[in-house]
Amino acid sequence: MIEKIVVLEVVLPLLAAPVCVLVRNPRLCRLLSLGVVAICFAIAAAALLEVRGGGVISYQLGGWLPPLGIEYRVSTVNAYLLALVTAMALVVFSFDSRGGPPRVPEQRRHLYYAVFLLCISGLLGIAITGDAFNIFVFLEISSLSSYILVSLGGHRRAVLSAFYYLVMGTIGGVFFMLGVGLLYQATGTLNLRDIAARLEPSLDDRGTVLALALLVVGISIKLAVFPLHHWLPDAYSFAPPKVSAFLAATATKVSFYLLAMILFTIFGAAFVFEELRLQAVLLPLSILAMFLASGAAIFQTDLRRLLAYSSVAQIGYMTLGLSTANVTGLAGGLVHLFNHAVMKGGLFLVVACLLYRVGSVHIDALAGIGRRMPLTAAALVIGGLSLIGVPGTVGFVSKWYLVSGVLERGWTAAAVLILLSSLLALVYVGKVVEVVYFRKPAETQPIDHVREAPLGMLAPAWVLAVAAIFFGLTTNWTYGVAREAAELLLAGGI
Amino acid sequence: MSSIQSLSGLWAYWLIIALMMVGLYIVIARDNLIKKVMGLNIFQAAAILFYVTMAKVTGGTAPIVPHDPAHPGGHGEHEILYSNPLPHVLMLTAIVVGVATTALALALAVRIHGDYGTAEEDEAVIYDMEHT
Amino acid sequence: MSSGTTILVALLLPVLAAVSCQIFGRVGHPNLRDVATPLIGACTFAAVWRLGGDVLAGGRPELVLFEVLPGVELAFQVEPLGLVYGLVASGLWIVTSIYAVGYMRGHHEHNQTRFFTFFALSIFAALGIAFARNLFTLFLFYEALTLLTFPLVTHHGTDEARRAGRIYLGILLFTSISFLLFAILFTWRLTGTIEFTPGGILGSEPSSGMVTVLLLLYAFGAGKAALMPFHRWLPNAMVAPTPVSALLHAVAVVKAGVFAILKVVVYVFGLDLLAGSNASLALMTIASFTMLMAAVIAIRQDNLKARLAYSTISQLAYIVLGAAMATATGVLAGGLQIAMHAAGKITLFFCAGAILVATHKKKVSELDGLGRTMPWTFAAFFLASLSIIGIPPLGGSWAKWYLMVGALETGFAWQAAFLGVLMVSSLLAVFYLMPVVVRGFFASSPTAGPSGSGGGDRKPIAEAPFLCVASLVLTALLSLALFFVAGDLTSLLSF
C-alpha cells in the first residue's frame with residue numbers, strides 16, 4: 001500500500017498549487033494547503049515507520065524500471081527528511097494567516113499559497129527522487145518558488161534580497177547541473193544508485209574530481225556554507241516571517257541531505273575523505289562559520305538578522321558533522337537538521353508574533369516586551385537556550401554527538417572550539433533576552449498597547465518550543481533515526 | 001595529453017568554459033540588474049551547450065528511427081549511428097528552467113525599479129542607506 | 001511508598017511549591033502563598049529524611065525515569081554525599097523561606113511571587129543535582145540551577161543587578177559548557193559510560209597527565225565551586241536580596257559546585273586512582289591558593305555581604321581541598337564541611353540581611369554599637385562566626401579537624417605545608433569575622449557622640465522583623481547542635 005502512495009508526497013502539493021490559482025479564495029486555499037500538507041505528513045510518518053530498521057520503499061514512475069525510468073526511493077534517510085519537511089510545513093501553515101506576506105493584498109493571497117505549495121513539492125521531490133537530473137529540476141522548482149516567497153517581505157529590500165538570492169541560487173543550480181552532466185558522461189546513467197555502482201572515482205580522473213567540485217560548490221551555495229552564505233542573512237531577514245521560519249527549517253536541511261548523499265553515496269566516504277581529504281577544507285570552513293557567523297550575530301540589531309546569522313553558524317555545525325565521516329559525527333550532523341529546524345523554526349515564528357504585535361523586531365523596539373507578551377517571550381527563551389545547547393533542549397543532543405564524533409576522530413582542538421563557539425550563542429541570545437526582560441521601553445516607543453499574540457500564532461510557536469524540550473529529553477525518534485540514516489549513508493546506500 | 005592537443009581536441013569545452021566565465025564576469029562586475037540577468041543567461045547557456053556537445057556522437061545522426069516497412073519497429077539491415085538523445089531531452093527541461101528564472105529575475109528587476117526608482121544595484125544600496 | 005516514589009515526591013514537592021506560589025500570588029493571597037512554601041518545604045525535608053533511613057541501612061534508593069540518549073538515562077540514586085546535600089538544601093529551604101517572608105515584607109520588595117516561585121524551582125534543581133545517578137543528570141540540573149537562579153540574582157532589575165546577572169551567567173555557563181561538558185564528553189569517550197560508580201569508572205588506563213587535565217577540567221568546570229580564577233560571579237551576585245545570598249552561599253548554588261567535585265572524585269575517578277597522584281597535588285595547591293587569597297581579600301572588604309562572599313569562596317576551597325586529597329578522611333571532611341558551612345554561613349547572611357532591614361546599613365564600618373540594639377542578631381553572628389572559624393563546640397570544628405587529619409594522611413612531602421595553610425586560613429577567618437562582632441558589641445555608637453560612650457544612653461532594642469530574628473537564631477543553634485550530632489554524619493559519610 002505504502003509503495004503506491006509515497007509518490008503523492010510530490011504529486012499532491014504539485015497539483016494543489018494550480019488548483020489554488022484557480023480557486024482564487026484565500027481561505028479555501030489555506031485550508032486546501034493545510035490539508036495537503038497534513039496528508040503529506042501522514043504519508044511521510046507512515047513511510048518512516050515502514051522503513052525504520054532498514055526497509056526500503058520503491059516506486060517506479062510510469063512503470064519504467066530503473067535505471068532507465070525514474071525511481072522514487074524512500075529509505076531511512078529520505079523518510080527522515082520527508083517527515084521533517086512536512087512536519088515543519090504543517091506547523092508553519094497552521095500559523096495564523098495574519099502573519100502572512102504584508103505586501104500581498106488579501107484577494108491575491110491564493111497565489112502566495114500556490115507558490116508555497118510549489119516550494120514544498122520541490123523540497124519533497126529532492127528528498128524522494130532517485131534520479132540525478134530529477135533532483136536538479138526539483139531543486140530549481142523549490143528555489144524559484146523560494147525567491148518569490150522571499151520577495152514578498154514587507155520592506156523594499158526584500159525584493160533586492162530575493163534578486164541576490166536568485167543570482168546566487170541560479171549559479172549554484174547551474175554548477176549542480178554541470179556536475180550531474182559530468183557524472184552522466186562518466187557513467188552513462190542518471191539513476192543515483194546506478195551512478196554510485198558504476199562510478200570508480202580516482203584522483204587521476206579529472207572529470208570525476210571536477211564533477212565532485214562542481215556538485216559540492218553548487219550545493220554549498222544553496223546550503224549557505226560559509227563563505228558562500230552571503231545571500232542568506234538578507235533573504236531570511238527581509239522575507240515574510242512565516243517564510244523565514246519555513247525556509248530556515250527546511251530548505252537548507254534538504255540541501256544538506258543532498259550534500260551528504262553526493263559525498264557518501266555517490267562518491268563514497270573512502271574517496272572523499274581518505275583520498276581527496278575534503279575534511280581539510282570542510283572542517284576549517286565549518287569552524288570559521290561557527291565563529292564568524294556567531295560573531296556577526298552578536299552585533300546585529302535586528303532580531304531576524306541575528307537569527308539568520310545564527311543559522312549560518314548552525315550550518316557550520318552540520319557540515320562539521322559531515323566532515324567527521326564517522327557514524328557518531330554524521331548522526332550528530334543529521335540530528336542537528338531536525339533539532340535546528342525545531343528551534344530556528346520556533347524562533348522565527350516568535351519573530352512573526354512579535355512583528356504582528358510590536359510592528360518591529362529591532363532590538364530597541366523589544367525593550368521590556370517580556371512583561372507585555374510573557375508567553376511569546378518564554379518561547380523565545382526556550383529557543384534561545386536550545387541555540388546555546390543547554391542540557392534538556394535539542395541543541396544539547398546535537399552538540400553531544402557532534403563533540404563525541406569529533407573526539408572519536410581525535411580532533412580534540414575542534415571539540416574545544418565547538419564548545420567555545422556555543423558561548424558566542426550565549427552572548428547573542430543573552431543580549432536579546434536581557435533587552436526583552438530587563439530594559440525599560442524607550443519613551444518614544446510606548447508598549448502599553450502591546451498585548452499577547454493571538455492563540456493562532458502562539459500555539460504553533462509553542463508546539464515547536466515544547467518540541468525543543470521534548471526531543472531534548474527523548475531521542476529515540478530523532479537521534480535513533482539519524483543514526484540509522486548515518487549508518488546507511490556511510491555504507492554507501494540511500 | 002599536451003596542452004596543444006587538449007586545446008585542439010577539446011576545443012568545444014574551452015569554448016564553453018570561456019562562455020561561462022564571460023557570463024559569470026558580467027554577473028559579478030555589472031551593477032545593472034538587467035545586465036546581471038543577461039550574464040546569468042549566458043552562464044546557463046554555456047551549461048546547456050555542454051550537455052549538447054556531450055551528446056553529439058561523431059558521425060551520428062538525429063535519433064529518429066527511419067521507417068522501414070519490412071521491419072516494423074526495427075531499424076533495417078545496416079546499423080545507424082545515432083547521437084545520444086537523452087541529454088538533449090534533459091536540456092529541454094533546463095531551458096524551461098532557464099526561461100522561468102529569467103522571467104522571475106526580470107519581474108523582480110521591475111519591482112526593484114518601482115521601489116527604488118533605479119535598476120542599478122549600487123544606487124539601490126545607496127538609496128537604502130539614505131532612506132532607512 | 002517505595003523509595004523510588006519517595007525520590008520522585010521529594011523532587012516534585014518544590015515544583016508544587018512553585019505552582020502554589022503562582023496560584024496564590026495570582027489570585028492575591030500572599031499570606032497563603034507564604035505559608036504554603038515553608039509547609040511544602042517541611043514535607044520535602046521529611047521525604048529526604050525518609051530516604052536517609054534507607055541510605056543509613058545500606059540501601060541505595062533508585063529512580064530511573066527514561067532513556068534520554070542511548071546509554072544515558074535520566075536517573076536518580078541517593079547515596080551518602082547526595083543525602084547530606086539534599087538534607088542541607090531541603091532543610092535550610094524551610095528556614096530560608098520563613099526568613100524570606102520577614103525580609104521581603106520588611107524591606108518592601110516588589111515581585112515577591114516571582115521571587116518565591118524561582119526560589120522553589122531552584123531547590124528542585126538542587127535536589128536533582130543531589131540525587132543524580134549519572135553525569136548527564138547532574139549536568140542537566142546543574143545548568144537548570146544556573147538558569148533558575150538568574151531571575152533571583154537580577155531581582156532588583158537595576159543596572160547593577162543586570163551587570164551582576166551578566167557576570168553570573170557568563171562565568172557559570174562559560175565554565176560549565178567549555179570545561180565541565182567537555183570533561184563529561186571526554187569521560188564518555190574514554191569509558192563509554194557516565195554512571196556514577198563506587199570505585200570510579202576511569203579504571204587505571206588513562207595516563208597521569210590525562211587524569212590531571214581531566215580533574216582540573218571538572219574542578220574548574222564546576223564554576224559554582226568558585227575556585228579562583230572563576231570566582232568573580234559570587235561577590236557580584238551580592239546585589240541580590242539577602243535570602244538569595246543565603247540560598248546561593250549556603251544552600252544551593254555554591255554547594256552544588258563543590259558537591260559535583262566531590263561526587264566526581266569519589267564516583268568517576270575513584271579514590272584509588274587519585275590518592276597520592278599529581279592530579280591530587282595540583283588540585284590541592286589550587287584549593288589552598290584560593291583559600292588563602294579569598295580570606296585575605298575578605299579582610300579588606302567593608303561591605304558586609306561582600307566580605308561574607310569572599311569568606312564563602314575561602315570556605316568552599318576547604319571542601320575542594322578535602323575532595324582533592326582523595327582519601328576517605330578528606331571526603332568525609334568535605335561532606336561535613338558542606339553541612340557545617342551551610343548552617344554557619346546561612347546564619348551570617350541572615351544576620352547581614354536583618355541588619356539591612358532594621359537599619360539600612362551595609363558596611364562593616366557602620367556597625368559600631370549596633371550589637372546593643374540588636375543583641376539576638378549579633379549573638380547569632382558570633383556563634384556562626386565561631387563555627388566558620390572552626391572553634392569547638394560548634395559544628396565547623398569537626399570539618400576542620402578531619403581536614404587536618406586528612407592532610408597528614410596524604411603522604412605528600414608537602415603535607416606540613418597544607419596543614420599550615422589550613423591553620424593560617426582559620427586565623428584569617430578570625431580577622432575577617434570577629435571585627436564585626438567586636439564593633440557591634442564594644443565600639444561606641446557614632447550617634448551617641450564622643451562623650452556618651454558610657455552606660456548612660458541605653459538605646460531601646462530594635463531588632464529586625466520577628467520572622468527574621470527567629471530563623472537566624474534557629475540556624476545559629478543548628479550550628480551548635482551539629483557539633484553534637486556530627487557522629488551520625490561521620491558514620492554516614494565513611495567511605
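Naming convention: chains lettered A, B, ... in sequence-line order (proteins, then strands); numbering from 1 in each chain.
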Can you name the residues of [range] that have some heavy atom under 4.5 Å away from a heavy atom in chain A?
{"range": "residues 15-25 of chain B", "answer": "B:Met20, B:Leu24"}
{"range": "residues 46-54 of chain B", "answer": "B:Ala47, B:Ile48, B:Phe50, B:Tyr51, B:Met54"}
{"range": "residues 33-42 of chain B", "answer": "B:Leu33, B:Lys36, B:Val37, B:Leu40"}

Atom group of A:Ile141 that falls short of 4.5 Å from chain B, counting heavy atoms: neither
Out of curiosity, [X] [atom1] to [Y] [atom2], how far, rounded to the nearest 0.5 Å?
{"X": "A:Ile148", "Y": "B:Leu108", "atom1": "CD1", "atom2": "CG", "result": "8.0 Å"}
{"X": "A:Gln185", "Y": "B:Asn84", "atom1": "CD", "atom2": "CG", "result": "10.5 Å"}
{"X": "B:Tyr116", "Y": "A:Leu160", "atom1": "OH", "atom2": "CG", "result": "5.0 Å"}
{"X": "A:Phe163", "Y": "B:Arg111", "atom1": "CZ", "atom2": "CZ", "result": "14.0 Å"}
{"X": "A:Leu178", "Y": "B:Gln44", "atom1": "CG", "atom2": "CD", "result": "10.5 Å"}
{"X": "B:Thr101", "Y": "A:Leu144", "atom1": "OG1", "atom2": "CG", "result": "4.5 Å"}

N/O donor-acceptor pairs under 3.5 Å from side chains in residues 125-133 of chain A, not counting sequence neighbours:
from     : atom 1 : to       : atom 2 : distance (Å)
A:Thr129 : OG1    : A:Asp131 : N      : 3.3
A:Thr129 : OG1    : A:Asn134 : OD1    : 2.9
A:Asp131 : OD1    : A:Phe133 : N      : 3.0
A:Asp131 : OD1    : A:Asn134 : N      : 2.9

Heavy-atom check, side chain of B:Leu86 versus side chain of A:Tyr184, under 4.5 Å: yes
When you compare the side chain of A:Arg156 with that of B:Asp128, does any pair of heavy atoms fall below 4.5 Å? yes
B:Thr93 versus chain A, heavy atoms under 4.5 Å apart: side chain, backbone, both or neither? side chain
